[in-house]
Q: 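Got a structure here, written out as structure tokens. Questions coming.
A, B, ... follow the sequence lines: proteins, then strands. Residue 1 opens every chain.
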Protein chains: 2
Amino acid sequence: MADNKQYHVAVVGVTGAVGQKMLEMLEQIDFPVEKLYPLASKRSAGKKVTFKGESIEIIEATPEAFKGVDIALFSAGGSVSKKLAHEAVKHGAVVIDNTSAFRMDPDVPLVVPEVNPEDIQKHNGIIANPNCSTIQMVVALEPIRQKYGLSRVIVSTYQSVSGAGNDAVEELKGQSQALLNDEEPETNILPVKSEPKHYPIAFNALPQIDVFEDNHYTFEEMKMINETKKIMHNEDLKVAATCVRLPFFYSHAESVYIEVNDEKLTVEDLQNALRDQEGLVLEDDINNQLYPTPLSAEGKTDVFVGRVRKDLDVDHGFHFWVVSDNLLKGAAWNSVQIAQKLIQQPGGLK
Amino acid sequence: MADNKQYHVAVVGVTGAVGQKMLEMLEQIDFPVEKLYPLASKRSAGKKVTFKGESIEIIEATPEAFKGVDIALFSAGGSVSKKLAHEAVKHGAVVIDNTSAFRMDPDVPLVVPEVNPEDIQKHNGIIANPNCSTIQMVVALEPIRQKYGLSRVIVSTYQSVSGAGNDAVEELKGQSQALLNDEEPETNILPVKSEPKHYPIAFNALPQIDVFEDNHYTFEEMKMINETKKIMHNEDLKVAATCVRLPFFYSHAESVYIEVNDEKLTVEDLQNALRDQEGLVLEDDINNQLYPTPLSAEGKTDVFVGRVRKDLDVDHGFHFWVVSDNLLKGAAWNSVQIAQKLIQQPGGLK
């Protein structure tokens, strides 16, 4: 159970889109923060962030900056996590890492609190936060798996630009305005900043998120495939993904096809299982044109599901539509939830 | 074979997004038009259209307006087709109908010239042009079906607003500008003009195209399912669809999962089969970040395919990404292609 202990909490990458939302989420649930360590790159050091009404100076993220830190929330890119997460652990912190650096490391639990909270206790200093598009999907899959068994998942994503950072948000704004003015859009960031080719995202759709792997899937697609199996502890679960970047700012949406083990499952059963899931809101009423959209989910911490329907050919097949704010449940909120579970576990933080 | 005959060609709904493109396509292939009949609603009668440099007055679409017409291209909505297509046929015209009015009528062939051109000859006066999202998908599916057999299709679409007409194009422009200016967007058209609720499409995604059916699928989804089976002459083909409207102006994209009968099929085989298909361009080179996008396909008559890859769990499963201009191959170009096949068939137009 929670004691009255207060914690020293570092947020690494505090100036980024997710870092800012981490501060908001810590404030929103009144997380027991005794001292906040806002960490970022050298470039941002000396600037200020506001937390619970207080202005706090940003410190450069160096190994020494973690002295005295109990919990360190990382969201400054994989290379920063690889360089500094173990340093933070050496200083006694528990790291909750929102990058892909350690997600598939067998020594690192990969946690979505609504799905596998028990894995938190197996940590060796680092707990990984899954990919945004994986998190929202497994929150919807888990109650189905528990009640009816799950054998197959095929997902096509509809992902917002904020998943590629604040630069991508600004790029979409700039390109949209340029195209509305009949001007040539500038293309510097999407689909992947570090790749040679950039395409306009405004009024367009890009079937590439992150770099390509040798098997012709993108790294984002492989994250969804591998992370889903790890979180659900089922290497035999069939998962396929196609990830697409789209011109909206916040929230990811997903068209999900599943096959369950129970051939007699009805749409009503499935809707009820989803309705009972913690952290999930069923918005599914076709008579009132009710379904979630990226705009309707923006700024909310829940996962929203709609358009539940049975496949017309396969008795144990179902389709649905999952939407959630990628910066909140997909990143900052899930990390802060893990931190909350950590301090609430028997014996407290350890 | 084609003779030197010239034809009297009516375009019904000539002021609409597709009607305008029909004129463009007729001009582009220099279709042997002796006389053009630009038909539209009473409201547009008296206005002018330009065809092959000539300014021609729009006539109200009435039963009498079809006197002397050889070929009538309809794209003015299902209710206009239901009212006037048979009248046109009575006057001796062959109707090529781009609405959903007659597509599932067993007496009406539903034709994509690259897939089932032989069905054209079975017409009884009316030939139906399939739904835009169906057309581009079956052009990609057909060479696979022919060579390797096809048992299952699961598609999630990424559809542009122009599929909902010029009003929807204007709505996306207006809403985008409003949101960039931090103003409230006006919502009057999408997802479906005639439905009670409207949601913003700018910087959003709407999982509803056309009205809902009793089985929880939308009519657009059922069109893809039923039309694909009819065009491919295979009632047993398993087809599932999720249709989503997105904030871009032209072209539809599709994330397609298929299962073939040949378990040994490789990605290279599949790419070769697609490359050989008439009317299809393979744009699939991950080393050079090459894949089609709605913007890259805009204004082109071909269907573009990329992101071809093997499913990681199912040996006979494959994924790919199909893009085409919904107003061209998805509508106007397919209709004009049918007209072209009609006049080229042995014995000419009959």
Q: With a 4.5 angstrom heavy-atom cut-off, is it the side chain or the backbone of A:Ala205 that approaches chain B, or both, or neither?
A: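 Both parts, heavy atoms under 4.5 Å.
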
Q: Below 4.5 Å from any heavy atom of chain A, which atoms of B:Glu254 appear? Answer side chain, backbone, both or neither.
A: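 Neither part; nothing is under 4.5 Å.
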
Q: Heavy-atom count around B:Lys197 NZ within 6.0 Å, excluding the residue itself: above 12?
A: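 Yes, NZ of B:Lys197 has more than 12 neighbouring heavy atoms, counting only those of other groups under 6.0 Å.
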
Q: Among B:Tyr257, B:Phe203, B:Trp321, which has the most heavy-atom pairs under 4.5 Å with chain A?
A: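 If we count pairs closer than 4.5 Å to chain A, B:Phe203 comes out on top.
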
Q: Most heavy-atom pairs under 4.5 angstrom with chain A, which of B:Leu206, B:Val244, B:Leu172?
A: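 Top option by heavy-atom pairs under 4.5 Å: B:Val244.
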
Q: For the candidates B:His319, B:Lys310, B:Gln177, which exhibits the highest count of non-hydrogen atom pairs separated by less than 4.5 Å from chain A?
A: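 Answer, by heavy-atom pair count under 4.5 Å with chain A: B:Gln177.
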
Q: Who wins among A:Tyr250, A:Phe249, A:Tyr217 for the most heavy-atom pairs under 4.5 Å with chain B?
A: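 The answer is A:Tyr217.
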
Q: Tell me whether the count of non-hydrogen atoms from other residues, nucleotides or ligands lying under 6.0 Å of CD in A:Glu184 goes above 12.
A: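 Not buried by this count: 12 neighbours or fewer within 6.0 Å.
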
Q: Which bit of B:Ala241 is near chain A, if near means a heavy-atom gap under 4.5 Å: side chain, backbone, both or neither?
A: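 The backbone, not the side chain.
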
Q: Pick whichever of B:Pro247, B:Ser296, B:Ala240, B:Pro200 has the most heavy-atom pairs under 4.5 Å with chain A.
A: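 Of B:Pro247, B:Ser296, B:Ala240, B:Pro200, B:Pro247 has the most heavy-atom pairs under 4.5 Å with chain A.
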
Q: Look at A:Thr242, A:Leu179, A:Val211 and state which one has the largest set of heavy-atom pairs under 4.5 Å with chain B.
A: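 Going by pairs under 4.5 Å, I would pick A:Thr242.
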
Q: With rounding to the nearest 0.5 Å, note down the distance linking CG in B:Leu312 to CD1 in A:Ile225.
A: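 One finds 5.0 Å between CG of B:Leu312 and CD1 of A:Ile225.
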
Q: Just so I understand: if I count every heavy-atom pair under 4.5 Å between each of A:Arg309, A:His216, A:Glu195 and chain B, which residue has the most?
A: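 So the answer, after comparing A:Arg309, A:His216, A:Glu195, is A:Arg309.
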
Q: How would you list, in number order, the residues of residues 151-169 of chain B that have a heavy atom less than 4.5 Å from chain A?
A: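 When heavy atoms of chain A are the reference, residues 151-169 of chain B contributes B:Arg152, B:Ile154, B:Ser156, B:Thr157, B:Tyr158 within the under-4.5 Å range.
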
Q: Under 4.5 Å, heavy atom to heavy atom, which residues of residues 283-290 of chain A contact chain B?
A: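 The residues closer than 4.5 Å to chain B, in numerical order, are A:Ile286, A:Asn288, A:Gln289, A:Leu290.
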
Q: Below 4.5 Å from any heavy atom of chain A, which atoms of B:Pro292 appear? Answer side chain, backbone, both or neither.
A: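 Answer is backbone: N, CA, C or O of B:Pro292 sit under 4.5 Å from chain A.
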
Q: Relative to each other, are the rings of A:Tyr291 and B:Phe212 parallel, tilted or perpendicular (30° and 60° limits)?
A: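 Taking B:Phe212 first and then A:Tyr291, their aromatic rings sit tilted (interplane angle of 30° to 60°).
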
Q: What are the two closest non-hydrogen atoms of A:Ser176 and B:Leu180, and how far apart are they?
A: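 Where A:Ser176 meets B:Leu180 most closely, the heavy atoms are CB-CD1, 3.9 Å.
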
Q: Has A:Glu186 got more than 12 heavy atoms of other residues, nucleotides or ligands less than 6.0 Å from its CD?
A: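 Not more than 12 within 6.0 Å, no.
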
Q: Under 4.5 Å, counting heavy-atom pairs only, tell me which of A:Val323, A:Val314, A:Val192 racks up the most with chain B.
A: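 If we count pairs closer than 4.5 Å to chain B, A:Val314 comes out on top.
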
Q: How long is the gap from CG on B:Leu246 to CG on A:Leu246, to the nearest 0.5 Å?
A: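 Output value for this atom pair is 5.0 Å.
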
Q: Return the minimal non-hydrogen interatomic distance between A:Asn204 and B:Leu295, and the atom names on each side.
A: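 In this case the closest contact between A:Asn204 and B:Leu295 is OD1-N, 2.9 Å.
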
Q: Going by distance alone, is a donor N or O of one side chain under 3.5 Å from an acceptor N or O of the other, for A:Thr218 and B:Arg307?
A: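 There is no such pair (donor and acceptor under 3.5 Å, judged by atom type) between the side chains of A:Thr218 and B:Arg307.
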
